[in-house]
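Sequence lines set the chain letters: A, B, ... in the order given, protein chains first and strands last, and positions in each chain run from 1.
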Amino acid sequence: MEIRTRFAPSPTGGLHLGGVRTVLYNYLFARQNGGKFILRIEDTDQTRFVPGAEAYINDCLNWCGLKPDEGPETGGHYGPYRQSARKDIYKKFAEELIAKGVAYYAFDSPEALEKMRNAFKTTENPSPQYDRQVRMKMQNSLNLGEAETQKRISAGEAYVVRIKIPDDETIRFNDMIHGEVSFESSVVDDKVLLKADGMPTYHLAVVVDDYLMKVSHAFRGEEWLSSAPVHILLWKYLFGLDKMPQWAHLPLILGPNGKLSKRDGAKYGFPVFAMNWTDPKTNDFTEGFKEKGFLPEAFINMLAMLGWNDGTTQEIFTLDELIDKFSMDRVHRAGAKFDYEKAKWFNQEWIKKLDPDDLCKRVAMSLTSKGLNLPDVNYLKKVTELVKERCTLLSDFYDQALYFFKTPETLDLESIKPKWNSEKAGFFDDYIQWLSAQTAWNSQDLETGFKNLAIQKNIKPGELQLPFRIMLVGAKFGPAVFQIAEMIGAEETIKRIKNALILLHA
RNA sequence: GCCGCGUUGGUCAAGGGGUUAAGACGCCUCCCUUUCACGGAGGAAUCACGGGUUCGAAUCCCGUACGUGGUACCA
């Protein structure tokens with residue numbers, strides 16, 4: 001049997017962390033078993049349709065390198081892959097369920113439902129369900145009779161189709177992560193299967209499409225666990241439990257307090273979505289990992305480890321290694337709190353790990369996007385190698401490398417002034433002279449010359465290094481000063497020293 | 001309220017009857033470096049609580065507490 005997994009998002013907004021991890025686990029499982037990974041767009045709620053959301057999801061998957069084998073863009077033999085385009089299919093199955101006596105028509109308006117909930121509400125039961133307790137008191141084919149039901153339907157009265165949950169049945173299934181999970185049917189409600197607009201709800205659509213698309217393993221977030229009994233029943237009624245995919249309900253990714261929300265991101269200053277997303281309706285902006293400066297490799301690596309490990313102490317994995325080593329039975333059961341500090345660490349590790357040429361390309365993109373004009377690649381490559389261990393995000397390269405390309409606009413003179421004196425000023429005057437006379441220009445010689453001159457003048461070389469650094473960099477950071485001098489060249493080095501001396505004189 | 005799922009340091013977590021209870025992030029101390037980092041050496045856990053079972057329990061069982069998800073003609 002071919003292994004087929006699917007990711008089935010609804011195109012209603014940004015793709016968040018947990019969503020990407022669900023994609024990842026689906027993808028890894030499919031890949032390692034030589035199977036297929038499918039993207040299916042669950043756009044059955046027309047009131048929540050958000051233009052651009054589907055394209056955005058594609059962009060995110062692309063960026064992450066988790067491309068589906070089948071989907072709305074890619075195509076495939078089991079299309080269409082947008083549920084809105086499969087509307088007619090679901091109706092047929094809804095009718096089949098009615099014919100089998102396990103579903104029924106219901107005419108209750110939203111207002112009538114609201115009234116029912118209010119009428120039956122008690123302290124012990126604050127949210128009454130449409131279930132066996134109340135269904136015989138409502139307007140549905142169960143108590144209206146066939147004739148009346150047909151009459152209403154012919155008259156064009158709006159109706160939904162609801163599943164008729166059995167009275168006393170224990171519904172069990174085996175979850176790949178949680179093991180055996182069971183529910184009493186008596187606490188499950190008669191979920192709507194087909195809405196008044198003719199569209200299916202998620203419950204009908206997942207089951208039908210998983211069957212039709214031959215999905216062998218269905219992985220989704222744990223928030224779906226409570227509706228699993230409805231899906232199990234539907235499988236039993238429609239296609240047989242033996243055809244049902246293996247379920248795995250993935251642990252939730254939590255924020256600082258409770259389920260991770262995009263609000264947490266804004267509140268605590270970390271991205272929550274894979275890529276930047278602006279809601280076209282509300283104009284609400286949410287930052288993405290990509291734009292924040294994350295490498296997709298690091299993002300994926302971090303997500304993989306949030307809820308899974310291979311049992312060793314290895315934490316840095318390439319996608320290929322993950323495909324090789326991932327296993328569902330090592331997925332942790334409990335929800336995991338997202339730790340932004342650790343996420344940044346993964347990024348830093350990946351910056352160090354990446355092939356220099358590859359890194360250089362990405363740094364170039366980041367730098368040019370911030371308006372920096374880059375000379376030749378070889379120069380940038382050297383700069384990148386020199387500063388990379390000081391960068392945790394791709395976006396850090398700008399601050400860390402800017403002085404290699406531009407004369408600093410401000411200098412942290414406060415850090416040198418307290419210990420500044422005319423002897424030191426004299427030293428730099430002479431150093432300029434010495435530098436001007438150099439024909440060879442390399443960090444080693446520059447340093448030797450610097451130290452010799454300092455000794456000559458009876459000043460500790462160390463005391464001069466910080467001022468020199470601030471002259472060249474503008475602040476107290478960066479790689480060895482003499483390497484910086486070597487990189488920016490004689491002319492620029494001398495210019496920067498002169499600049500600083502003027503400022504220190506004033 | 002009801003139902004489901006979960007609970008090993010601040011966080012991610014290994015370990016699934018006998019261990020000094022791994023490792024990583026973060027934090028703190030120190031070394032390296034007269035910058036910032038990298039790197040290196042250290043420091044910090046009564047395994048949620050209470051009962052069992054057992055010679056022995058973080059590990060098995062039962063309760064309780066807490067957390068979390070669901071309880072829509074949303075997914």
Does this structure show an ion pair linking [X] with [Y], if we count only N-O contacts that are shorter than 4.0 Å?
| X | Y | value |
| --- | --- | --- |
| A:K87 | A:D197 | no |
| A:D209 | A:R6 | no |
| A:K381 | A:E385 | no |

Of all pairs that satisfy side chain to side chain donor-acceptor pair (under 3.5 Å), the ones with a partner from residues 333-343 of chain A, not counting sequence neighbours: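 For residues 333-343 of chain A: A:E315-A:K342.
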Using the six-membered ring wherever Trp is involved, compare the ring planes of [X] and [Y] and label them parallel, tilted or perpendicular (cut-offs 30° and 60°).
| X | Y | result |
| --- | --- | --- |
| A:W224 | A:Y202 | parallel |
| A:Y431 | A:F450 | perpendicular |
| A:Y25 | A:F326 | tilted |

Polar pair under 3.5 Å, donor/acceptor by atom type, side chain A:K191, base B:A72: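 Flag unset: no donor-acceptor pair detected.
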Spell out protein contact along [range] as letters: B when the base is contacted, S when just the sugar-phosphate is, - when no protein heavy atom is under 4.0 Å; keep the 5' to 3' order.
| range | answer |
| --- | --- |
| nucleotides 57-65 of chain B | --------- |
| nucleotides 1-6 of chain B | B-SBSS |
| nucleotides 39-49 of chain B | S---------- |

A:Q314 and A:T312 side chains, donor-acceptor separation under 3.5 Å: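 A:T312 vs A:Q314: no donor-acceptor pair found between side chains.
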Short side-chain donor-acceptor distance under 3.5 Å, A:S185 and A:E169: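 Side chains of A:E169 and A:S185: no pair found under 3.5 Å.
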Atom NZ of A:K382 with >12 non-hydrogen neighbours under 6.0 angstrom: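 12 or below, so no.
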Touch class at under 4.0 angstrom, heavy-atom based, for A:T44 against every strand present: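 Counting heavy atoms under 4.0 Å across all strands, the contact made by A:T44 is with sugar-phosphate only.
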Touch class at under 4.0 angstrom, heavy-atom based, for A:R220 against every strand present: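 Nothing, no heavy atom under 4.0 Å.
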For A:Y104, ring-ring contact (aromatic ring centres under 6.0 Å, His included) partners two or more places apart: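 Checked A:Y104 against ring-ring contact (aromatic ring centres under 6.0 Å, His included); zero matches.
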Duplex segments of RNA chain B, taken as runs of at least three Watson-Crick or G-U pairs that stay under 3.5 Å: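 When the pairs of RNA chain B are grouped into runs of at least three, the stems are B:1-7 with B:65-71, B:10-12 with B:23-25, B:27-31 with B:39-43, B:48-52 with B:60-64.
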A:R162 NZ/CZ over A:Y130 ring centroid, <6.0 Å and within 45° of normal: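 Yes, a cation-pi geometry holds between A:R162 and A:Y130.
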Nearest-angstrom distance from the residue atom CZ of A:R6 to C1' of B:A75: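 So the two atoms are 12 Å apart, to the nearest Å.
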Side-chain N,O (A:K195) to OP1/OP2 (B:A72) below 4.0 Å: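 For A:K195, the contact criterion (side-chain N or O under 4.0 Å from OP1 or OP2 of B:A72) is not met.
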B:U33 phosphate, OP1 or OP2, under 4.0 Å from A:R390 side-chain N/O: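 No, because none of the side-chain N or O atoms of A:R390 sits under 4.0 Å from OP1 or OP2 of B:U33.
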Anti/syn call for B:C38, syn if |chi| within 90°: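 Here the answer is syn: the torsion falls within 90° of 0.
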Same-atom distance (C1') from B:U46 to B:G42, integer angstrom: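 Per the computed distance, 23 Å lies between those C1' atoms.
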